[in-house]
Colleague: 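Pasting a structure below so you can have a look.
A note on names: the letters A, B, ... follow the listed sequences, proteins ahead of strands, and every chain is numbered from 1. Everything quoted here is computed from the prediction, not taken from an experiment.
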Amino acid sequence: MRLSQFFLPTLKEVPSEAQIVSHQLMLRAGMIRQSSAGIYSWLPLGYRVLRKIEQIVREEQDAAGCQELLMPTIQPADIWRESGRYDDYGKEMLRITDRHGREMLYGPTNEELITEIVKASVRSYRDLPKLLYHVQWKFRDEVRPRFGVMRGREFLMKDSYSFDLDREGARRAYNKMFVTYLRTYARMGLKAIPMQADTGPIGGDLSHEFIILAQTGESEVFCDRELIERDVLSEAVDLDGDLQPVVDTWTSRYAATDEMHEPTRFEAEVPEDRRVSARGIEVGHIFYFGTKYSEAMGATVANQEGLQVPMEMGSYGIGVSRLVGAIIEACHDEAGIVWPRSVAPFDVGLINLKVGDLACDKAASDMYQSLRLAGLDVLYDDADERAGVKFANMDLIGLPFQVVVGPRGLKTGVVEIKNRATGKRYELSPESALAHLTV
RNA sequence: CGGGGAGUAGCUCAGACUGGUAGAGCAUCGCGUUUGGGACGCGAGGGUCGCAGGUUCAAAUCCUGUCUCCCCGACCA
């Protein structure tokens with residue numbers, strides 16, 4: 001993509017409404033624009049990141065045998081009356097009346113709808129287990145939306161639902177999602193720590209929040225350093241095998257948010273040098289809630305004895321749009337965003353320092369071609385701007401690598417590669433620069 | 001939902017107390033000088049001062065109402 005053609009409205013100054021760094025940077029980097037309180041448009045750069053995150057989530061869900069479908073955003077009130085949540089959910093649920101006076105709502109979550117779907121088609125234990133998910137916009141009419149996409153009213157969420165015959169089956173599904181979540185966050189360059197959680201309005205008695213550590217996180221968290229140091233992706237796990245031992249290694253170590261924190265237990269269980277107290281952001285939440293919905297809504301299957309039993313259910317959410325903000329909270333510096341490679345909107349930012357200079361234009365354009373041929377996503381700054389502006393903007397949007405083509409380097413036949421995360425620069429021939437970036 | 005703050009040019013803000021017909025920096029456009037970390041000079045364009053009433057000869061400014069946004073708290077992916 002050529003920068004001269006890309007819709008990237010960056011801001012030099014910090015808009016006054018943005019208080020936290022991820023919100024400020026998302027506005028400044030031209031990723032989002034606010035439409036109304038807690039509701040945002042995603043501009044091209046932001047949307048690229050959102051889709052990258054969504055794709056990682058999708059791949060990991062698929063790998064766990066979770067099947068993607070898509071449910072509507074607007075739901076009928078009836079099924080929520082059936083579950084008993086129509087009144088429980090309160091004003092946070094956006095209620096709508098259609099032209100015929102039918103009561104509808106913009107879904108804040110989908111337990112009722114998915115239960116309705118599965119109930120209609122699943123009759124026997126032979127049809128179980130089932131793991132289903134979708135990635136879809138939700139609306140929760142928060143009293144106080146804030147922090148940009150971190151607490152928006154409209155947000156993109158991946159929500160999965162498990163259906164099993166019995167508790168053991170449900171536990172297997174829960175464990176599968178537990179492990180899958182760890183992998184999902186790790187692939188985004190995040191350290192996510194599962195912590196025992198309250199179940200809130202979803203209900204149920206087994207639940208974990210996934211918290212990532214970030215200096216500007218909303219809640220205070222306490223955990224064993226050992227949990228942070230684990231390299232999740234290097235641990236090979238068989239998702240179809242028994243995952244309980246894996247889950248146990250995580251849940252046996254101390255990890256708690258401030259509301260669940262027990263200082264005495266913390267000090268008793270964790271050696272002093274491993275005690276971490278930090279800030280955290282909730283980026284996922286998993287629940288086992290048994291037959292709460294299946295019972296209320298009559299979602300039963302015939303078991304081996306031919307008896308009708310309510311299905312055992314769980315639900316599993318990842319805040320996809322929140323993750324965009326959360327990753328920035330965890331990955332930024334003075335100059336701007338520092339994207340982990342896996343979610344970066346482009347792999348490389350190519351800067352032509354002197355547009356109009358024949359040698360620079362040729363070298364930059366050749367480099368642009370080669371990088372793209374090598375399969376990289378490149379943002380090519382071909383705009384006629386001063387060097388300072390180009391550097392500042394490229395740092396702001398945080399692409400993992402910058403390739404700088406300028407008259408100074410070309411004199412000796414080199415281009416410069418800058419690693420955004422480390423700040424290190426390397427002068428290399430165009431060929432070795434290419435090789436360096438395509439390993 | 002309780003408490004607080006703010007709406008003036010695309011962005012950041014001044015002007016309001018003390019009413020007299022709107023300003024700066026940045027951004028944009030033109031010209032020139034610059035050109036490896038957010039340049040400089042000259043010139044230009046751009047605002048129903050959130051909206052609706054009221055007071056007044058006169059309202060961005062005073063009064064009333066209303067809408068929106070932000071912050072703190074209780075609630076949440």
Side-chain angles (χ1 to χ4, degrees), chain A residues 9-20 23-24 27-28 30 33-39 53 57 89-93 107-110 135-160 181 185 192 197-202 207-212 218-219 257 259 281-287 315-326 334-336 351-357 360 383-396 402 404-411 414-416 418 423 425 427:
Chain A
T10 56
L11 267 32
K12 211 157 141 184
E13 284 173 287
V14 180
S16 54
E17 77 264 21
Q19 298 299 314
I20 64 164
H23 191 194
Q24 294 171 349
L27 289 168
R28 287 192 54 213
R33 285 296 181 264
Q34 182 165 340
S35 158
S36 53
I39 303 180
I53 293 172
V57 170
Y89 226 96
K91 290 190 170 172
E92 217 176 272
M93 187 154 73
T109 176
N110 283 57
V135 181
Q136 182 227 35
W137 292 93
K138 301 289 187 291
F139 193 91
R140 293 184 191 171
D141 201 359
E142 300 272 351
V143 265
R144 194 181 155 213
R146 63 188 123 164
F147 304 147
V149 300
M150 299 274 284
R151 181 167 314 290
R153 291 194 293 171
E154 187 181 63
F155 59 96
L156 189 64
M157 177 162 110
K158 185 286 299 177
D159 39 326
S160 312
Y181 273 35
Y185 298 120
D198 267 335
T199 54
I202 307 280
S207 172
H208 284 91
E209 284 179 1
F210 287 77
I211 305 274
I212 64 161
E218 282 187 81
S219 46
T257 57
E259 64 252 27
I281 302 166
E282 182 184 349
V283 290
H285 204 155
I286 60 178
F287 305 85
S315 73
Y316 315 89
I318 291 180
V320 176
S321 50
R322 170 181 284 186
L323 269 168
V324 181
E334 292 296 301
I351 296 177
N352 180 349
L353 270 189
K354 195 165 184 181
V355 172
D357 175 273
C360 285
D384 187 13
E385 283 285 358
R386 299 172 62 83
V389 175
K390 288 175 179 253
F391 289 132
N393 260 318
M394 204 54 91
D395 284 349
L396 173 64
Q402 296 171 15
V404 180
V405 175
R408 207 170 69 191
L410 288 185
K411 272 182 206 156
V414 299
V415 298
E416 192 175 292
K418 174 176 161 184
R425 299 149 192 266
E427 294 206 331

Colleague: Please give the distance between the C1' atoms of B:U55 and B:C63 as a whole number of Å.
Modeller: 7 Å
Colleague: If the P atom of B:G47 is compared with that of B:C17, how far apart are they to the nearest Å?
Modeller: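 That atom pair is separated by 26 Å.
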Colleague: Closest to the A:Asn393 side chain: B:C75, B:C69, B:G38?
Modeller: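 Closest nucleotide among those given: B:G38.
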Colleague: Taking the side chain of A:His285 as its heavy atoms from C-beta onward, which of B:G38, B:A77, B:C1 lies nearest to it?
Modeller: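 The answer is B:A77.
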Colleague: Classify the side chain of A:Glu416 versus the base of B:G36 as yes if they form a donor-acceptor pair under 3.5 Å and no if they do not.
Modeller: yes
Colleague: For B:G2, give the paired nucleotide (Watson-Crick: N1-N3 plus N6-O4 or O6-N4; G-U: N1-O2 and O6-N3; both under 3.5 Å), or none.
Modeller: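 Looking at the geometry, B:G2 pairs with B:C72.
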Colleague: Could you report the tightest heavy-atom contact between A:Ser36 and A:Arg153, atom names first, then the distance?
Modeller: OG-NH2, 4.1 Å
Colleague: Determine, answering yes or no, if A:Phe391 is stacked on B:G36 under the 5.5 Å centre rule and the 30° plane rule.
Modeller: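 Stacking between A:Phe391 and B:G36: absent.
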Colleague: With nearest nucleotides of RNA chain B determined for A:Ile318 and A:Leu410 from heavy-atom distances, which residue corresponds to the more 5′ nucleotide?
Modeller: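 Per heavy-atom nearest nucleotide, the more 5' residue is A:Leu410.
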Colleague: Closest approach to the side chain of A:Leu396, judged atom by atom: which nucleotide of B:G37, B:G38, B:A74 is it?
Modeller: B:G38
Colleague: What I'd like to find out is whether the side chain of A:Phe139 reaches to under 4.5 Å of the side chain of A:Ile39, using heavy atoms alone.
Modeller: yes
Colleague: Tell me the partner of B:C11, counting only Watson-Crick (N1-N3 plus N6-O4 or O6-N4) or G-U wobble (N1-O2 and O6-N3) with both under 3.5 Å; none if nothing fits.
Modeller: B:G25
Colleague: Just name whichever nucleotide pairs with B:A60, Watson-Crick or G-U, keeping both distances under 3.5 Å, else none.
Modeller: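 Its partner is none (no Watson-Crick or G-U wobble pair with both distances under 3.5 Å).
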Colleague: Write down the partner of B:A77 under the Watson-Crick or G-U wobble criteria, each distance required to be under 3.5 Å.
Modeller: none
Colleague: Between A:Arg322 (side chain only) and A:Glu282 (backbone N and O only), is there a donor and an acceptor less than 3.5 Å apart?
Modeller: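 Looks like yes, one N/O pair under 3.5 Å.
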Colleague: Taking only the side-chain nitrogens and oxygens of A:Gln19, find out if one of them lies under 4.0 Å from OP1 or OP2 of B:C72.
Modeller: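 Negative; the distance criterion is not met.
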Colleague: Confirm from the modelled atom types if A:Arg146 and B:G73 form a donor-acceptor pair under 3.5 Å, side chain to base only.
Modeller: no
Colleague: Does a side-chain N or O of A:Arg386 approach OP1 or OP2 of B:A39 to a distance below 4.0 Å, or not?
Modeller: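 Yes, such a contact exists.
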Colleague: Given B:A74, B:C26, B:G36, which nucleotide is nearest the side-chain atoms of A:Leu353?
Modeller: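 Of the options given, the side chain of A:Leu353 lies nearest B:G36.
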Colleague: Side chain of A:Ala37 only, heavy atoms from C-beta on: which candidate in B:C69, B:A77, B:C1 is closest?
Modeller: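 So the nucleotide nearest the side chain must be B:C69.
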Colleague: I'd like to know if the side chain of A:Tyr316 and the backbone of A:Lys158 have a donor-acceptor N/O pair within less than 3.5 Å.
Modeller: no
Colleague: Consider side chain to side chain contact (heavy atoms under 4.5 Å, CB included). Of A:Ile286, A:Thr257, A:Val283, which one does A:Glu209 pass it with?
Modeller: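 Of the listed residues A:Ile286, A:Thr257, A:Val283, the side chain to side chain contact (heavy atoms under 4.5 Å, CB included) partner of A:Glu209 is A:Thr257.
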Colleague: Let's test this: given Watson-Crick or G-U wobble pairing with both distances under 3.5 Å, identify the partner of B:A16.
Modeller: none
Colleague: Could you identify the nucleotide paired to B:U35, looking across every strand shown and requiring Watson-Crick or G-U wobble geometry with both distances under 3.5 Å?
Modeller: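 Paired with no nucleotide.
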Colleague: Reckon A:Gly317 touches a base, only the sugar-phosphate, or nothing at all at heavy-atom distances under 4.0 Å?
Modeller: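 If one applies the 4.0 Å heavy-atom cut-off, A:Gly317 turns out to touch nothing in the nucleic acid.
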Colleague: In whole Å, what is the span from the CD atom of A:Glu209 to the P atom of B:A77?
Modeller: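 Rounded to whole Å, this separation is 7 Å.
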Colleague: Treat primed atoms plus P, OP1 and OP2 as sugar-phosphate and everything else as base, then score nucleotides 8-14 of chain B 5' to 3': B for base contact with protein heavy atoms under 4.0 Å, S for sugar-phosphate contact only, - for none.
Modeller: ---BSS-
Colleague: With the side chain of A:Phe287 defined as its heavy atoms from C-beta on, choose the nearest nucleotide among B:C69, B:A77, B:C71.
Modeller: B:A77
Colleague: Looking only at heavy atoms, which two atoms of A:Glu142 and A:Pro145 are closest? And how far apart?
Modeller: O-CD, 3.6 Å
Colleague: Want to settle it: does A:Ser35 or A:Val283 sit nearer the 5' end of RNA chain B, counting the closest nucleotide to each?
Modeller: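 Checking each residue's closest nucleotide, the 5'-ward one belongs to A:Ser35.
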Colleague: Quick check: closest heavy atoms across A:Arg28 and A:Glu13, and the distance to 0.1 Å?
Modeller: CG-O, 3.8 Å
Colleague: Does a sphere of radius 6.0 Å around NZ in A:Lys354 hold more than 12 heavy atoms from other residues, nucleotides or ligands, not counting ones at 6.0 Å or beyond?
Modeller: no
Colleague: Could you please name the option among B:A74, B:C71, B:A39 that lies closest to any side-chain atom of A:Val389?
Modeller: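 The closest nucleotide is B:A39.
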Colleague: Measure from the side-chain heavy atoms of A:Arg425 and tell me the nearest of B:G37, B:G73, B:C1.
Modeller: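 Given the options B:G37, B:G73, B:C1, the side chain of A:Arg425 is closest to B:G37.
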Colleague: Please report the distance, rounded to the nearest Å, between CD in A:Glu385 and P in B:U34.
Modeller: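 Taking CD of A:Glu385 and P of B:U34, I get 18 Å after rounding.
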Colleague: Checking base pairs now: Watson-Crick or wobble, both atom distances under 3.5 Å. What partners B:G30?
Modeller: B:C42
Colleague: Tell which nucleotide pairs with B:U48, taking only Watson-Crick or G-U wobble pairs whose two distances are both under 3.5 angstrom.
Modeller: none
